[in-house]
Amino acid sequence: DAKTTQPPSMDCAEGRAANLPCNHSTISGNEYVYWYRQIHSQGPQYIIHGLKNNETNEMASLIITEDRKSSTLILPHATLRDTAVYYCIVRVGGGNQGGKLIFGQGTELSVKP
Amino acid sequence: GAVVSQHPSWVICKSGTSVKIECRSLDFQATTMFWYRQFPKQSLMLMATSNEGSKATYEQGVEKDKFLINHASLTLSTLTVTSAHPEDSSFYICSARDSSGSGDTQYFGPGTRLTVL
């Protein structure tokens, strides 16, 4: 699976958009980009995933560059409860081809009042 | 999203005893579940992939005889830490893969905090 690079930490003001970048320059054509977050002492929470197209759900938007070598997770209006470690993961999708999620160090997002 | 539960949420045991942790997918069937371990201030480390009705696949460096995994049904996987030692104290987290519908997503349980005295 392709490796990802994320900044170790970021700050965001409450109510503003949080833009979390991720580099995955060695991503393969059949690898999906997944985002999870982990609030202290809890299990990771699924946020969103995508392959090529931009995706949006009730939690966030995922913007994937045309060459798929990087992506950005956008939390449109960050709240204090969004303070967490955010993980960007690429993995082979579907079937029995694997599906393992290998976690890197992630980005520790601190939302400040 | 789909719900995955773990039981117990925390456990304290004496050195040398065995501890069983259950992972259940509550509203979907999961042919594949995963077990992770997380030490303080570190990221999650994948221990093994659990497939319903077959043997688990362990990651390199994980002792299969120490961490016994059973995936007897489509909604339940168990991890047994045998002959636990203080260095096995950790946060154990499972995930279940939901391949139904148009998505293919893993959902995580809340974790089990194991303390070995």
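Order of the sequence lines sets the chain letters (A, B, ...), proteins ahead of strands, with each chain counted from 1.
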Subject >> Within residues 106-113 of chain A, residues adjacent to chain B where the heavy-atom gap is under 4.5 Å >> reply: none
Original post:
Side chains of A:Q42 and B:I93: does their closest heavy-atom pair fall under 4.5 Å?
Top reply: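 A side-chain contact is absent here, since even the closest heavy-atom pair is not under 4.5 Å.
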Original post:
Does a side-chain heavy-atom distance below 4.5 Å link A:P44 with B:Y36?
Top reply: no
Original post:
Would one find more than 12 heavy atoms of other residues, nucleotides or ligands at under 6.0 Å from atom NE2 of B:H7?
Top reply: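 Counting neighbours around NE2 of B:H7, 12 or fewer heavy atoms of other residues, nucleotides or ligands fall under 6.0 Å, so no.
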**OP:** Could you tell me whether A:K52 atom NZ has more than 12 heavy atoms of other residues or ligands within 6.0 Å of it?
**Re:**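 No, the 6.0 Å shell around NZ holds no more than 12 heavy atoms from other groups.
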Is there a continuous path of hydrophobic side-chain contacts, each under 4.5 Å between heavy atoms, that joins [X] to [Y]?
| X | Y | value |
| --- | --- | --- |
| A:Y34 | A:L51 | yes |
| B:V4 | B:W35 | no |
| A:I74 | A:L62 | no |
| B:F34 | B:F28 | yes |
| B:I69 | B:V19 | yes |

Subject >> Heavy-atom contact with chain A under 4.5 Å, split by part of B:Q38 >> reply: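 It is the side chain, since no backbone atom gets that close.
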Subject >> Contact class of B:L46 relative to chain A, heavy atoms under 4.5 angstrom >> reply: side chain
Original post:
Which residues from residues 108-117 of chain B are near chain A, with near meaning under 4.5 Å between non-hydrogen atoms?
Top reply: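 When heavy atoms of chain A are the reference, residues 108-117 of chain B contributes B:F108, B:G109, B:P110, B:R113 within the under-4.5 Å range.
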**OP:** Start with the C-alpha distance between A:K100 and B:E59, add both sets of side-chain angles, then the distance that settles side chain to side chain contact (heavy atoms under 4.5 Å, CB included), and finish with yes or no.
**Re:** CA-CA 11 Å; A:K100 298 189 293 189; B:E59 295 297 304; 3.1 Å; yes
For residues 7-23 of chain A, tabulate all N or O donor-acceptor pairs below 3.5 Å that involve a side-chain atom, not counting sequence neighbours.
none

Original post:
Quick one: CD on B:Q106 to CZ on A:R91, what's the gap to the nearest 0.5 Å?
Top reply: 6.0 Å
Subject >> Heavy-atom pair with the smallest gap, counting every atom of B:F91 and A:S41 >> reply: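 In this case the closest contact between B:F91 and A:S41 is CZ-O, 3.7 Å.
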Original post:
Minimum heavy-atom separation for B:L44 to A:F103, with atom names?
Top reply: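 Scanning both residues completely, I find the closest heavy atoms to be O-CB, 3.7 Å.
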Original post:
What part of A:Q45 is in contact with chain B, defined as an atom under 4.5 angstrom from a non-hydrogen atom: side chain, backbone, both or neither?
Top reply: neither
Subject >> All ring pair (Phe, Tyr, Trp, His ring centres under 6.0 Å) counterparts of A:Y46, not counting sequence neighbours >> reply: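 Residues passing ring pair (Phe, Tyr, Trp, His ring centres under 6.0 Å) with A:Y46: A:Y36, A:H49, B:Y107.
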